[in-house]
Amino acid sequence: MKWVTRENANVDRIACPWLIKRFIDPEAEFLYVPRDQVLEAAEKQAAHSYDAPGAEYTHRDGKCSFDVLVEDFGLTGDAALVRLAEIVHAADITDDRDSSPEGRGLYAIAHGFALLHGTADHTKIELETPMYDALYAWCQEQTSAASS
């Protein structure tokens, strides 16, 4: 399935492809288009839209798109993924930046990738995917230690 969002991705629009590929749609393809073309591109491509005004999966009720995807796809039973969602949320939502201590660090790293790679959104996905894999592994360790 194709997934479409706004170009020049930062935290949420890179974290979401990681989540989608790992837990929702391993064969997903991602399209990045200008902000005002997301819904039109989704319709033309028969794609899911995310993290854009009016998108199928986007910010709602104070949640970032990553939070929404975790909930909508029934992934809340994975404690490590829920913990990762807290971190992504803190990194993505300026007013909630301090809601998770790791949020500021993830924001800094993701913003650094955006500064280095600009609108090369697929490059950012490729380079940041191992970071999200590592952060998820850390979350697994943290949540398993907490439940022991």
Report yes or no: does [X] contribute a side-chain atom to a donor-acceptor pair with the main-chain N or O of [Y] at less than 3.5 Å?
X: K124; Y: T119; result: no
X: R97; Y: A90; result: yes
X: R35; Y: A52; result: no
X: T58; Y: P53; result: no

Ignoring hydrogens, what is the shortest heavy-atom contact between [X] and [Y]? Give both atom names and the distance.
X: A114; Y: A9; result: CB-O, 4.1 Å
X: Y32; Y: R6; result: CD2-O, 3.2 Å
X: S49; Y: A55; result: OG-CA, 3.2 Å
X: D121; Y: G118; result: OD1-O, 4.1 Å

Over-ring placement of R22 relative to Y136, 6.0 Å and 45° cut-offs: no
Note: R60-D72 ion pair, threshold 4.0 Å (strictly below): yes
Atom pair [atom1]/[atom2] of [X] and [Y] - distance to nearest 0.5 Å:
X: F113; Y: E126; atom1: CZ; atom2: CD; result: 10.5 Å
X: I87; Y: C139; atom1: CD1; atom2: SG; result: 4.0 Å
X: D96; Y: D67; atom1: CG; atom2: CG; result: 9.5 Å
X: D51; Y: L69; atom1: CG; atom2: CG; result: 9.0 Å
X: E102; Y: L106; atom1: CD; atom2: CG; result: 9.5 Å

Trace of the side chain to side chain contact (heavy atoms under 4.5 Å, CB included) decision for D133 with T129: CA-CA 6 Å; D133 287 337; T129 290; 3.9 Å; yes
Close side-chain approach of V88 and W18, heavy atoms under 4.5 Å: no
Residues D12 and H59: side-chain donor-acceptor under 3.5 angstrom: yes
Residues S100 and R83: side-chain donor-acceptor under 3.5 angstrom: yes
Aromatic ring proximity, centroids under 6.0 angstrom, F66 and Y132: no
V38 with V68, same ILVMFWY side-chain cluster at under 4.5 Å: no
Single-linkage hydrophobic cluster L84~L75, side-chain heavy atoms < 4.5 angstrom: yes
Result of checking V4, I20, I14 against F30 for side-chain contact (heavy atoms from CB on, under 4.5 Å): I20
